[in-house]
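Notes for the one structure printed next.
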2 protein chains.
Amino acid sequence: MTKRIKRRSDCPISFALDIFGDKWSLLIIRDLMFKEKRTYSEFLISEEKISTNILADRLAKLEDAGLISKFRCLYSLTEKGIDLVPVMVEIIRWSANHDKKTGAPKEFVDRIKHDRENFIAELTMCLSTGR
Amino acid sequence: MTKRIKRRSDCPISFALDIFGDKWSLLIIRDLMFKEKRTYSEFLISEEKISTNILADRLAKLEDAGLISKFRCLYSLTEKGIDLVPVMVEIIRWSANHDKKTGAPKEFVDRIKHDRENFIAELTMCLSTGR
DNA sequence: CTGTATCCTTAGGGATACTG
DNA sequence: CAGTATCCCTAAGGATACAG
């Protein structure tokens, strides 16, 4: 089942928000990107407790938008999805800066500050080689 | 009127999404950050056509979250809001990479690629000095 | 295990009128 | 101009049962 999205304007921020501007999509991306989750049931057991219908809906939308792909019940990030790594990294950095309770590991944030470019290249390569 | 937000987990991505994970908040940030909008009526006339009740709701939430502040009916970004510049820049870069129709100016994207760090520092300074 | 389907509640949102 | 208030509708979301 495909889930089309309506476009509000030609603004690049608006374009991105039309795709992942909600409370759940980026959590699924996070689980694929940083937690090596790949199956439906693995996504279900996140700390935020997504419900089954919402999960199915977002998986379909993300697949339709070309951020993730599915092969025999295993989900993975596409190139377009992997290219969100810098966005995710900056969000994590922002949260680490402005929330004392956030679970972002200190070494992670320090590493970003220290050598952000290398980190992104490295992580992207690591992700694109499957596993 | 203050608008509190419920927290879903201690994850930094989730923390950020709880604050600006919707279709409108980052558009208001965009208008403050890149379009020098500062008044209620200026926000209202965006291309995406936000309605009055939603605008009032998001302004209250963003103010409560400490991303924007209000002084005599003029809104501006706080330090916490200005610190979203790298996030916004990466979103714009991502959209420019994956959408042919996006309105992101070529020079803007090239400039990011060429010297991202300088760009951010410069823009942040420009924003923090008011105007 | 991977989803669908259903029921129900709440939140988001559009339109428009109205107030200080 | 800067919002509030109201009406009304749709989308989002939680719970849970069910199917392949």
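Please read these numbers as outputs of a predicted model, since none were measured by experiment. Here is how names work: the chains are called A, B, and so on, in the same order as the sequence lines, proteins then strands, and each is numbered from 1.
Regarding Phe43(A), its CZ atom lies at a distance of 10 Å from the P atom of dT2(C), rounded to whole Å. The distance between atom OH of Tyr40(B) and atom P of dT19(C), rounded to the nearest whole Å, is 16 Å. Rounded to whole Å, the distance from CD1 on Ile45(B) to P on dG3(D) is 15 Å. Here the P atom of nucleotide dA2(D) and the CD1 atom of Ile50(B) are 15 Å apart, to the nearest Å. Spacing between atom CD1 of Ile54(B) and atom C1' of dA2(D) amounts to 17 Å, rounded to whole angstrom units. Here dA11(C) presents its C1' atom at 14 Å from CZ of Arg8(B), a figure rounded to the nearest Å. Rounded to whole angstrom, the span from the NZ atom of Lys37(B) across to the P atom of dC1(D) amounts to 14 Å. Rounded to whole Å, atom P of dA15(C) lies 13 Å from atom CG of Leu44(B).
Salt bridge absent: Asp22(B) and Lys61(B) never bring a charged side-chain N and a carboxylate O closer than 4.0 Å. At a threshold of 4.0 Å, the pair Glu90(A)-Arg93(B) does not count as salt-bridged, since none of the basic side-chain nitrogens sits closer than that to a carboxylate oxygen.
The phosphate of dG13(C) has OP1 or OP2 within less than 4.0 Å of a side-chain N or O from Trp24(B). Lys61(A) has no side-chain polar atom (N or O) that falls below the 4.0 Å cut-off from OP1 or OP2 of dA11(D). For dG14(D), neither phosphate oxygen OP1 nor OP2 lies less than 4.0 angstrom from any side-chain nitrogen or oxygen of Lys23(A). Remark: Ser41(B) is in phosphate contact with dA2(D), judged by side-chain N or O atoms under 4.0 Å from OP1 or OP2. Of the side-chain N and O atoms in Arg72(A), none sit less than 4.0 angstrom from OP1 or OP2 of dT2(C).
Side-chain atoms of Ser25(B) never come within 3.5 Å of backbone atoms of Phe20(B) as a donor-acceptor pair (strictly under, hydrogens ignored). A donor-acceptor contact shorter than 3.5 Å is absent between the side chain of Trp94(B) and the backbone of Val85(A).
With the nearest nucleotide of DNA chain C identified for both Cys73(A) and Ser51(B), Cys73(A) has the one nearer the 5' end.
Using a 4.0 Å heavy-atom criterion, one finds that Tyr75(A) contacts the sugar-phosphate atoms exclusively. Nucleic acid contact for Thr52(B): base, since at least one base atom lies under 4.0 Å from a heavy atom of the residue. Among the protein residues, Asn53(A) comes within range of the nucleic acid bases, having at least one heavy atom under 4.0 Å from a base atom.
Arg38(A) and Ser76(A) get closest at one heavy-atom pair: NH2-CB, 3.5 Å.
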